[in-house]
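Encoded as structure tokens, the structure appears first; notes follow it.
Hydrogens, waters and symmetry mates are skipped; everything else that's a heavy atom, side chains included, is used.
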Protein chains: 2
Amino acid sequence: MYERKIPEDLDCGINITMKVLSGKWKPCIIDSIHKGVRRPVEIHAAIPAAAPRVINMQLRELEEFGIVTKKVFPDSVPLKVEYYLTPIGESVMPVIRAIERWGDENKEYVITTSATMESAGK
Amino acid sequence: MYERKIPEDLDCGINITMKVLSGKWKPCIIDSIHKGVRRPVEIHAAIPAAAPRVINMQLRELEEFGIVTKKVFPDSVPLKVEYYLTPIGESVMPVIRAIERWGDENKEYVITTSATMESAGK
DNA sequence: CGGCATCCGGCAAGATACTG
DNA sequence: CAGTATCTTGCCGGATGCCG
């Protein structure tokens with residue numbers, strides 16, 4: 001899913017969703033915000049593997065799609081920013097949950113299969 | 001989702017699923033096979049935007065992950081091949097359906113938002 | 001802390017041509 | 001029809017550095 005930009009492909013619902021969720025960390029970011037992680041630095045702490053710049057980029061894209069909203073506290077020092085899910089963002093949660101659930105349920109299988117693939121592919 | 005290869009990131013269920021579904025057309029391919037589209041040429045016809053080579057690549061990856069199985073009819077002329085979902089592949093369908101449903105329900109919104117983004121971004 | 005600007009490498013995916 | 005080999009390219013994402 002993370003992946004590559006989705007082409008303007010048709011009326012397929014799958015591609016519509018992909019267009020919005022495409023981006024290596026978007027599902028994770030959405031999930032984090034949904035869990036109450038609001039500040040960029042906290043999101044980065046929650047997803048250490050993602051570079052801050054990338055998180056910012058994907059947050060902006062999500063914001064443009066109306067999935068998240070940004071709240072700035074101009075008078076706060078240091079500067080404080082918070083992100084929230086919009087109603088539309090909330091409506092994506094079932095998708096995120098489905099993705100998360102399958103991953104949790106098949107974790108062992110995927111990990112062992114990946115390991116087999118690597119040793120064989122080499 | 002179609003996206004980029006997912007890093008070996010942890011125990012997060014989301015990334016586990018992403019590791020399997022990452023690939024521009026994988027969800028579409030899985031959905032097609034689930035609907036009874038079995039032969040490569042038919043899958044290609046169902047997803048014209050995807051190049052045959054890419055479809056083959058992603059089919060092979062899905063096969064390595066045990067999501068699909070390949071059946072070859074050696075004596076058939078022209079050569080005939082069919083793909084089927086494995087039980088594990090079937091278990092992914094709820095994820096695909098969730099993705100598809102959200103896309104269908106928010107098609108209008110996403111399309112108009114995309115259009116706005118493009119004209120503004122220019 | 002939040003977040004641009006810049007440079008760069010990797011790799012998925014597109015295009016084309018060919019074999020069985 | 002199914003699948004491979006080769007070459008090219010687009011562009012996402014990683015790394016650094018700087019500014020408010």
N/O (side chain, A:Gln58) to phosphate O (OP1/OP2, D:dC12) under 4.0 Å: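 No, no such contact exists.
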Phosphate contact (D:dG3 OP1 or OP2) by B:Lys70 side-chain N/O below 4.0 Å: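 Result: yes.
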Side-chain donor/acceptor contact of B:Arg53 with base of D:dG3 under 3.5 Å: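 Result: no qualifying N/O pair found.
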Whether A:His44 side chain and A:Ala50 backbone form a donor-acceptor pair below 3.5 Å: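 Confirmed, A:His44 side chain pairs with A:Ala50 backbone.
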Stretch residues 32-44 of chain B: residues that reach within less than 4.0 Å of DNA chain C through a heavy atom: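 None, since no heavy atom is under 4.0 Å.
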Stacked cation flag B:Lys70 on B:Tyr83, 6.0 angstrom / 45 deg: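 Verdict for B:Tyr83: no cation-pi partner in B:Lys70.
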Selected nucleotide, minimal atom distance to B:Val54 side chain, candidates C:dG3, C:dG14, D:dG14: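 Output: C:dG14.
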Nearest atoms (heavy-atom pairs only) where B:Ile96 meets A:Ile14: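 Residues B:Ile96 and A:Ile14, closest heavy atoms: CG2-CD1, 3.9 Å.
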List the residues meeting salt bridge (charged side-chain N to carboxylate O under 4.0 Å, His left out) with [X], not counting sequence neighbours, and say none if there are none.
{"X": "A:Glu105", "result": "none"}
{"X": "B:Arg97", "result": "B:Asp31, B:Glu100"}
{"X": "A:Arg53", "result": "none"}

Stretch residues 77-86 of chain A: residues that reach within less than 4.0 Å of DNA chain D through a heavy atom: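 Per residue number, the list is empty: none.
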Any residue meeting side-chain contact (heavy atoms from CB on, under 4.5 Å) with A:Tyr84, in chain and number order, not counting sequence neighbours: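 For A:Tyr84 the side-chain contact (heavy atoms from CB on, under 4.5 Å) partners, ignoring immediate neighbours, are A:Arg38, A:Thr69, A:Lys71, A:Glu82.
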Value in whole Å for how far the C1' atom of D:dG3 lies from CZ of B:Arg60: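 Answer to the nearest Å: 8 Å.
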Beyond-backbone contact of A:Val110 with B:Val20, side-chain heavy atoms, under 4.5 angstrom: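 Of all side-chain heavy-atom pairs linking B:Val20 with A:Val110, at least one is under 4.5 Å.
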